[in-house]
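Step one of this worksheet: look at the structure below.
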Amino acid sequence: MQIETTPLAGVVVITPARHGDERGFFSESYNARALAAEGIDVLFIQDNHSLSEKVGTIRGLHFQAPPHAQDKLVRCGKGALFDVAVDIRSGSPTYGQWFGTELSFENGRQLLVPAGFAHGFVTLKPETEIIYKCSDYYNRDSEGALRWDDPQIGIDWGGVSDPILSEKDAVAPLLADLDTPFTYKD
């Protein structure tokens, strides 16, 4: 596995090796031992899989607050998406900053989004599937969200100005209104 650091401490891009021949390829998309050897020691207990039918669908920016905060390991099973993590840890030197990368079926890349970051994505191809592992179970009472177009965060969604959104995402609060439940630990 290739591990790339990002400007946001803890957010990493993971690219598993692919072994291909005339039939296609094989890839070990997750290996706890290999990741632990790289200092990534997260116990994942839930897998999620969603399909977005149309290009320009934005889901997020979502997080779960403690005690049900989630680390997420995100990959694209079909199509392509631009995946984003936003630092929402109070006291962090990168608070309110974002990192984004393209995840696609073709590139096989994954994004590790630790607890303390809001997560979201925009679809770049029709019928895009996102598959992600979570380190805690979904808990409705712990869920939180931020506005996808918060000017304080300033995410470049690749020219998407009129996205397809859920009602919840359309009315999510701004970062300035967030009483973050996360604290940066050096």
Side-chain angles (χ1 to χ4, degrees), residues 1-6 8 10-20 24-55 57-88 98-146 148 164-166 168-169 172 181-182:
M1 288 189 180
Q2 179 183 346
I3 310 289
E4 300 170 53
T5 60
T6 72
L8 303 180
V11 176
V12 296
V13 176
I14 301 168
T15 307
R18 284 187 173 175
H19 310 283
F25 72 85
F26 170 83
S27 179
E28 195 172 80
S29 62
Y30 175 74
N31 182 308
R33 185 175 38 216
L35 291 175
E38 297 291 335
I40 301 168
D41 193 16
V42 179
L43 173 63
F44 291 109
I45 60 172
Q46 178 176 312
D47 279 5
N48 297 332
H49 184 163
S50 75
L51 169 71
S52 295
E53 293 284 346
K54 297 182 179 178
V55 173
T57 299
I58 291 181
R59 294 183 188 251
L61 302 160
H62 302 151
F63 62 91
Q64 278 197 185
H68 300 286
Q70 296 176 323
D71 299 290
K72 297 176 181 175
L73 180 59
V74 184
R75 66 185 176 97
C76 180
K78 177 183 175 188
L81 57 102
F82 184 69
D83 207 42
V84 174
V86 178
D87 189 346
I88 58 171
W98 65 276
F99 172 81
T101 191
E102 183 175 323
L103 306 180
S104 68
F105 172 78
E106 286 79 16
N107 70 24
R109 298 172 86 193
Q110 301 178 39
L111 188 65
L112 177 65
V113 181
F117 291 81
H119 171 254
F121 64 90
V122 61
T123 55
L124 304 175
K125 291 186 177 181
E127 298 182 10
T128 290
E129 294 184 13
I130 183 172
I131 302 163
Y132 56 104
K133 297 184 164 309
C134 299
S135 64
D136 203 335
Y137 300 107
Y138 170 74
N139 182 284
R140 181 179 301 273
D141 295 334
S142 295
E143 69 181 358
L146 292 173
W148 69 277
I164 300 164
L165 298 168
S166 70
K168 177 178 85 172
D169 290 344
F182 299 100

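This structure is a prediction, so every number in the text was calculated from the model and none was measured. Residue numbers count from 1 along this sequence.
- Proximity of a side-chain donor or acceptor of Ser135 to a complementary backbone N or O of Gln70 within less than 3.5 Å is not detected.
- Here Thr123 contributes atom OG1 and Phe82 contributes atom CZ; the two are 13.0 Å apart, rounded to the nearest 0.5 Å.
- Among all heavy-atom pairs drawn from Val86 and Val84, the shortest one is CG2-CG1, 4.1 Å.
- Taking all atoms of both residues into account, the shortest heavy-atom contact from His19 to Ala17 is NE2-CB, 4.0 Å.
- Put simply, CZ on Phe182 and CG on Asp87 are 10.5 Å apart, with the number rounded to the nearest 0.5 Å.
- Here Ile40 contributes atom CD1 and Asn31 contributes atom CG; the two are 11.5 Å apart, rounded to the nearest 0.5 Å.
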Could you walk me through whether Tyr30 and Leu35 pass side-chain contact (heavy atoms from CB on, under 4.5 Å), step by step? CA-CA 8 Å; Tyr30 175 74; Leu35 291 175; 3.7 Å; yes
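- Listed by first and then second residue, the salt bridge (charged side-chain N to carboxylate O under 4.0 Å, His left out) pairs that reach into residues 30-49 are Asp47-Lys133, sequence neighbours excluded.
- Contact record, Val11 with Pro114: CG2-CD, 3.7 Å, taken as the closest heavy-atom pair.
- A distance of 8.0 Å separates SG of Cys76 from CD of Glu129, quoted to the nearest 0.5 Å.
- Within the structure, salt bridge (charged side-chain N to carboxylate O under 4.0 Å, His left out) contacts touching residues 109-124 (residues at least two apart or in different chains) are Glu4-Arg109.
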Would Phe63 and Val113 satisfy side-chain contact (heavy atoms from CB on, under 4.5 Å), going step by step from the backbone distance to the final call? CA-CA 10 Å; Phe63 62 91; Val113 181; over 6 Å; no
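- Not one N or O on the side chain of Thr128 forms a donor-acceptor pair closer than 3.5 Å with the backbone of Gly79.
- For Glu143, the salt bridge (charged side-chain N to carboxylate O under 4.0 Å, His left out) criterion is met by Lys168, not counting sequence neighbours.
- Within the structure, the salt bridge (charged side-chain N to carboxylate O under 4.0 Å, His left out) test picks out the following pairs touching residues 59-85 (sequence neighbours left out): Lys78-Glu127.
- Here ring-ring contact (aromatic ring centres under 6.0 Å, His included) pairs that include residues 105-125, with residues two or more places apart or in two chains, are Phe25-Phe105.
- Atoms OG and CZ, from Ser29 and Arg18 in turn, are 10.0 Å apart once rounded to the nearest 0.5 Å.
- Of all heavy-atom pairs between Trp148 and Leu165, the closest is NE1-CD1, 3.3 Å.
- When the salt bridge (charged side-chain N to carboxylate O under 4.0 Å, His left out) test is applied to Glu106, the partners found at least two apart in sequence or on another chain are Lys125.
- The minimum heavy-atom distance between Ala69 and Asp136, with the atom names listed, is O-CB, 3.6 Å.
- To the nearest 0.5 angstrom, Asp169 atom CG is 11.0 Å from Thr57 atom OG1.
- For Val55 against Ile164, the heavy-atom pair with the smallest separation is O-CD1, 4.1 Å.
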From CA spacing to verdict: side-chain contact (heavy atoms from CB on, under 4.5 Å), Gln64, Tyr138: CA-CA 8 Å; Gln64 278 197 185; Tyr138 170 74; 3.2 Å; yes
Could you give me the CA-CA distance, side-chain angles and deciding distance for Asn107 and Thr15, then say whether side-chain contact (heavy atoms from CB on, under 4.5 Å) is met? CA-CA 8 Å; Asn107 70 24; Thr15 307; over 6 Å; no
